[in-house]
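Counting convention: from 1, in listed order, for ligands and their atoms alike. The structure presented is a predicted model; accordingly, all values stated were derived computationally and were not measured. No hydrogens, no waters, no symmetry mates; every other heavy atom, side chains included, goes into these values.
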Amino acid sequence: MSISFQDLGLNNKILKAISELGFEKPTQVQETIIPRLLTENGDIVCLAQTGTGKTAAFGLPVLQTLDTSKNYPQALILSPTRELCRQITDDLKRYAKYYEGINIVPVYGGASIDAQVRLLKKGAHIIVATPGRMVDLLNRGAANIDSISNLVLDEADEMLNMGFKDELDAILGRSPEERRTLLFSATLPLEVEGIAKHYMKRHEIVTVGVRNSGSNNVKHYYFVVHAKDRYNALKRIADYNPDIYGIVFCRTRQETQEVADWLVKDGYNADALHGDLSQGQRDQVMSRFKHKTLSILVATDVAARGIDVNDLTHVINYNLPDEAEIYTHRSGRTGRADKNGVSVAIINSKEQHKIKKIEKLIGKPFAKAKIPTGSEVCSKQLLHLIQSIEKVQVKNEISEYIDLINDKWKDISKEEIIQKVLSIEFNRFLDYYRHAPDLNIREEEGARRSNDQQREQLPSRSEKGYSWIKINLGMKHNITPRHLIRMASTIGVGKNAVGKIDMRRDITFISISNRAAGFFANEINNTDYRGLKVKTEILRNK
Ligand code: ADP
Ligand code: MG
């Protein structure tokens, strides 16, 4: 028998609001925490994964125990980032839809403090704050937490990771003794335990789900490709999932920007989110992603921290993180709120041990998946197109033209029209995938190639009219074939003059049309690539 929100003791105003939000039944944290908060007084440490519905778990009881006739702050919610502050505030406001005259005020750094002071002066029942800004406001005497009955530390581990220990100490030290403290965290490191021991009264630790394990709704896959094919593999994954709404995680800001730029150039709704962008730019990207104007967000781990989007279809590890822990944070961004999600890793054959390590940590196996072939992508896209044609709503205005159209097309068969209409959308896929190679590495090939790499063997044969040039840049320099093509084009050697590119770990063989080969080798030689002196050598074909 499953428990309903009614069973938890929530009042009708709240029940109505959350039912309108589409909350049908409580998540496990909500089921565990809400009745306790409504009927007991004790402090609670709650360990639960992200995406388990913690905001409502503390938010609904905080709301229900509030007295809106009293015009002073009764709850303070601390959260690590300004994005999360806003998110929590928005959520609370939705839950409080039928509470008249309630004031929920978010305060965070990076925005005018004066405006926030004014808002607080007007009255706040609930303050949602980042620790740094809260301390500033307390020091100015602009916020009053003397009478709060609930203090919530949301994502406590993250706040400590971000170095807010002193601020938390200050705030906890200044809030009233008889308050209740609720601490939410995904993990229980010593620092969090320290906070709990020091500032919380006899408290209960509630663990929901398995600690440190990924959500059960997430399926984990990995694809093995040559490092040089990483980007193409990403494209295939995106093309094979026409409704993709996902985050692509990269390791560096530079890689993030690059991958996003390539995707945009290739016609995807993508953009980058990383620390080199201004706060304004980041806000803009986030808002476009939240509103699904962007379907692919390319991000670094740090920048993605504040993202709270729940219906992601995919988390893509363009590169695996160095630490397995980080993988769990990444993959935890999908499969939230009982939805299904997919977390994929694009790896090269030498990275398989990383997968093993992550499997151990999350206690779940990865499935090895195959990068779809060009024709698989094409049929998937075609079916998708047909489905959306079936579903499309026909507007009245169209019917006014039907006679005209019938007349114009009277000599064309229905089949022909269907083919033509489909081709409008579909030709670009067919063009792109017509000669698309299989990107998967066969196991034996993987082994053979890595031997080759060590021996720096010359690539087998070069195309007629082209010469091989050896360059001392390879995958370990984070260079990709596209870089080389761009490099060529900046010195005036166009795409057509560039043939095969065979990238190894330390070096790359690139074939350049005979007419341009000498020029290319000369121009590139002794130039600087990210602090490395580039060396080229023209190889005579044997
Ligand atoms: P957490 O803080 O644990 O990471 P959130 O509180 O942000 O998770 O909730 C994640 C998402 O799930 C939010 O979009 C929220 O609206 C949604 N959600 C929460 N509880 C429920 C529920 N009982 N039914 C459906 N959706 C829910
Ligand atoms: Mg949360």
(request) Provide the closest heavy-atom pair for Leu294 versus Phe289 in the form atom of the first, atom of the second, distance. (result)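 Here Leu294 and Phe289 meet closest at O-CD1, 3.6 Å.
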(request) May I ask which of Gly51, Cys46, Ala48 has a heavy atom nearer to atom 1 (P) of ligand 1 than the others do? (result) Gly51
(message) My understanding is that we take every heavy atom of each candidate and find the minimum distance to atom 5 (P) of ligand 1. Doing that for Ile18, Val29, Thr55, which one comes out nearest?
(response) Thr55
(request) Output yes when Asp276 and Arg282 qualify as a salt bridge under the 4.0 Å nitrogen-oxygen rule, no when they do not. (result)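 Result for this pair is no, no salt bridge flagged.
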(message) If the threshold is 4.0 Å, N to carboxylate O, is there a salt bridge linking Asp90 and Lys93?
(response)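 Looking at Asp90 and Lys93, the cut-off is not met.
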Which of the numbered atoms in ligand 1 are below 4.0 angstrom from a heavy atom of [X]?
X	result
Lys25	22 (C), 23 (N), 24 (N)
Thr52	1 (P), 3 (O), 8 (O)
Phe5	23 (N)

(message) Between ligand 1 and Phe184, can you find any atom pair, the residue atom being a heavy atom, that is separated by under 4.0 Å?
(response)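 No; Phe184 lies far enough from ligand 1 that no heavy-atom distance drops under 4.0 Å.
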(message) So, regarding Glu24 and ligand 1 (criterion: nitrogen or oxygen to nitrogen or oxygen, under 3.5 Å), is there a contact or not?
(response) no
(request) Decide if the gap between the ring center of Tyr327 and the ring center of Phe366 is smaller than 6.0 angstrom. (result) yes
Donor-acceptor pairs under 3.5 angstrom involving side-chain atoms of residues 266-273: please list them, not counting sequence neighbours.
unit_1 : atom_1 : unit_2 : atom_2 : d
Asp266 : OD2    : Tyr231 : OH     : 2.6
Asp266 : OD2    : Lys235 : NZ     : 3.4
Asp266 : OD2    : Arg482 : NH2    : 3.3
Tyr268 : OH     : Asp239 : OD1    : 2.7
Tyr268 : OH     : Asp239 : OD2    : 3.1
Asp271 : OD2    : Arg288 : NH1    : 2.9

(request) Test the Lys380-Tyr240 pair against the cation-pi criterion, namely NZ or CZ under 6.0 angstrom from the six-membered ring centroid and within 45° of the ring axis. (result) yes
